[in-house]
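What follows is a short report on a single structure.
If you read the sequence from its start, that first residue is 1, and numbering goes on from there.
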Amino acid sequence: MSLPVSQPVSGRWKALLFIGIAQLMVVLDGTIVNIALPAAQRDLGFSDGNRQWVVTAYALAFGGLLLFGGRIADLWGRKRAFTVGVIGFAAASALGGAAVDTSMLLGARALQGAFGAMLAPAALSLITVTFTEPKERAKALGIYGAIAGAGGAVGLLLGGVLTEYANWRWTLLVNVFFAVIAAAGAILVIHDPASNRKGGRHLDIPGVLLACAGLVSLVYGFTRVETDGWRAPGTIGLLVAAVVLLAAFVATESRVKAPLLPLRVVGNRSRGGAYAAVAISVIGMFGLFLFLTYYLQVVLGYSPVITGVAFLPMVAGMMIGSTQIGARLTPRVAPRLLMAPGYLLAAGGLAILAQIKVDSSYTFVVLPGMVLMGLGLGTAMMPAMNLATHGVRPQDVGVASAMVNTSQQVGGAIGIALLNTIATSSTATYTRDHLHASSSPKADGMLELQAMVHGYATAIRWSAGFLVLAALVAFALIDHRHPKATGDSAAA
C-alpha cells in the first residue's frame, strides 16, 4: 500500500521553514552544550563523573523514547505532537538555562530529550505528508537533510560564540527563541493534511516498555564503554540486556494487534537497508566531529569560535550535496545510485582527513577533506531519508520517521564508544613504541601531541571504513529500481 497522491498543501513552503527551524534546534542541541560544559562545571561545581551525564541524560531520553514519540505523532496528530514537542523543548531549555545545581540541569536535559523524541519524528513525518509531489518532496527533504547533517557543526559554532562572548546558560536559553518562532508557525501555518488516524486505537504498552528499556540499555551501554571499557561487567550487562529486550520487542510486535512498530515498516528490504546505511554512516560522521574538534582546538590551538568557523565549509558542502545534487536527482535516479557514491565520496574526504599531522595545514588537508565529506553525506542522506519514509501507510509515517532518528541515535552511540576506544588504544601504542626517543620536557610534549594525532588519524581511517560499509549496504540491500517503478509496497 502506498501513500495516496493528494492535492498540494497550501503554504507548504512556509511550513517547511518552521519545521526546519525546529529541527535545527533539536540537532544543534546535541553539540552546542558540549562546548559549554567546562564553563557550566565551574559555575555549578559538579564533578567530572556528573559532567558526562549532562550529555548522557539527553541522549538516553531522546534515544529511548523516539519510537514512542513517533507512534504518538501517528495516533495523536503530527501537528499536535510537533507543537507540544516544540513548547516542551523550550520550557526544558529555559529550566536548564536557569539551573542552580546539578540535579536541576540534569533533569532539564532529560526533559529536553523526551520532548525532542516527540518533536523530531513529527517534523519529518509532517514533511512526508505535506509534500506529495515527488520533485517538491525531494527538494523539501534535501533542505531537511542538510539541516539534520549540518546542525552539529552549527552547534559547535554557536556554542563557541555564546560561551566565549556571553554565558554558558545561553547555549540552552537560545532554544527558546527558536521555539517561539517554530511554535508560532506550527499554530498559524502548519497543517496535518494526511492524518488518517484510526480512532480508538490502543497504544501498545508492552511494546513501549520493551522498546524504551531496550534502546536506553543500548545507548547507555555504549556510553559506559567510554568510561568503564568494553569488558566492564556493567557494560556487558547493559549490552546483553539491550539485545534481550529488543529481541523480546520484535517478538511482541509480531503478535500484538496494534504494534508500536509494525514490522512491515522495517521489513521492506529497501527501507530496512536505508535505516541500516544511515546508522552505519553516522558512526563515520562521529569520527569527524569528535576527533577533528579536539585536533583543531588542542593541537592547532584554535579557539571554540574559530573551530566552529572551520567546520563551515563542511556545512556548505552538505547544503550543496543535499539541495543541489540529492534533491535534483532523487526523482529521477534510483536511491542506491545516489547513496552508495555519496557515502564513498564522504569516505574519500575522511581518507584525506586521516592524513593529519601535528603541523598539517588546514587549507591543504582539513579543508578539502571537510568539503568532500559534506558533499558526499549531503548527497547520500537526502535519498536515504526519502526512501526511509516513502510508501509507508499513512498511519505509520510517524513511527517510520522515528526509525530514521533511532538509526542516527544508535549509530552515534556506537560511534562514540567504538572510535574513542580505537583512538585511545592507538595513542597508547604509539606512545609506548616511541617513548625511548623522548629525552626532554619539550620532546615529551611533542610526543604527546604526535601520539594524540596518531590516535585521531587511526580512528578517522576506521570512520572512512564505516562509510565504505554503508555504501556497500546501500548498494546490496536497496532495490536497483526507483521506488515509483516498484509500486513501493509497504508490506514486507
Side-chain angles (χ1 to χ4, degrees), residues 16-40 43-44 53-63 65-66 69 79 81-100 102 104-124 126 144 146-190 289 304-305 308 315 405 408-409 412:
L16 178 63
L17 171 64
F18 296 112
I19 293 171
I21 290 172
Q23 175 64 13
L24 178 63
M25 176 181 69
V26 173
V27 174
L28 65 81
D29 194 78
T31 54
I32 191 173
V33 174
N34 292 9
I35 289 182
L37 275 179
D43 192 7
L44 298 181
W53 277 101
V54 177
V55 177
T56 303
Y58 177 88
L60 292 182
F62 186 72
L65 295 172
L66 271 168
K79 175 178 177 177
F82 179 86
T83 306
V84 172
V86 167
I87 295 173
F89 197 93
S93 300
L95 184 65
V100 296
T102 307
M104 186 174 175
L105 179 60
L106 295 182
R109 290 289 288 163
L111 280 175
Q112 277 186 303
F115 283 108
M118 180 184 294
L119 168 59
L124 181 54
L126 277 171
Y144 177 89
I147 293 172
V154 174
L156 292 173
L157 173 60
L158 188 57
V161 170
L162 292 174
T163 302
E164 190 165 332
Y165 297 111
N167 186 284
W168 70 268
R169 297 179 183 276
W170 281 102
T171 61
L172 292 165
L173 294 174
V174 70
N175 290 328
V176 177
F177 295 98
F178 287 116
V180 167
I181 298 171
I187 295 170
L188 299 175
V189 178
I190 295 176
F289 284 118
V305 175
V315 175
N405 291 278
Q408 293 173 325
Q409 192 69 16

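- Atom CZ of Phe62 is separated from atom CD of Gln408 by 8.0 Å, given to the nearest 0.5 angstrom.
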So Leu60 and Trp53, side-chain contact (heavy atoms from CB on, under 4.5 Å) or not? Walk me through it.
CA-CA 10 Å; Leu60 292 182; Trp53 277 101; 3.8 Å; yes

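- Taking the six-membered ring for Trp and thresholds of 30 and 60 degrees, Tyr58 and Phe89 have ring planes more than 60 degrees apart, a perpendicular arrangement.
- What you find for Gln112 and Leu172 is that their closest heavy atoms are OE1-CD2, 3.6 Å.
- The shortest non-hydrogen separation linking Ala94 to Val176 is CB-CG2, 4.1 Å.
- Atom CG of Leu65 sits about 10.5 Å away from atom CZ of Phe115, to the nearest 0.5 Å.
- The distance from atom CD1 of Ile190 to atom CZ of Phe82, rounded to the nearest 0.5 Å, is 4.0 Å.
- Atom CG in Asn175 sits 6.5 Å away from atom CD1 in Ile32 (nearest 0.5 Å).
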Step by step, would you call Leu119 with Met25 a side-chain contact (heavy atoms from CB on, under 4.5 Å)?
CA-CA 10 Å; Leu119 168 59; Met25 176 181 69; 3.8 Å; yes

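- At least one side-chain heavy atom of Tyr165 sits less than 4.5 Å from a side-chain heavy atom of Val305.
- In this structure a side-chain-to-backbone donor-acceptor pair under 3.5 Å is missing from Arg109 to Ala61.
- For the atom pair Leu16 CG and Tyr144 OH, the distance stands at 10.5 Å (nearest 0.5 Å).
- Distance CG/Leu17 to CD1/Ile181: 8.5 Å, rounded to 0.5 Å.
- Counting all heavy atoms, side chain and backbone alike, Ala22 lies closest to Val86 at CB-CG2, 4.0 Å.
- Scanning both residues, Ala123 and Gln23, for their nearest heavy atoms gives CB-OE1, 4.4 Å.
- With contacts defined as side-chain heavy-atom distances shorter than 4.5 Å, the pair Ser93/Leu173 does not qualify.
- What you find for Val54 and Leu105 is that their closest heavy atoms are CG2-CD2, 4.0 Å.
- Counting all heavy atoms, side chain and backbone alike, Ala92 lies closest to Ala108 at O-CB, 3.5 Å.
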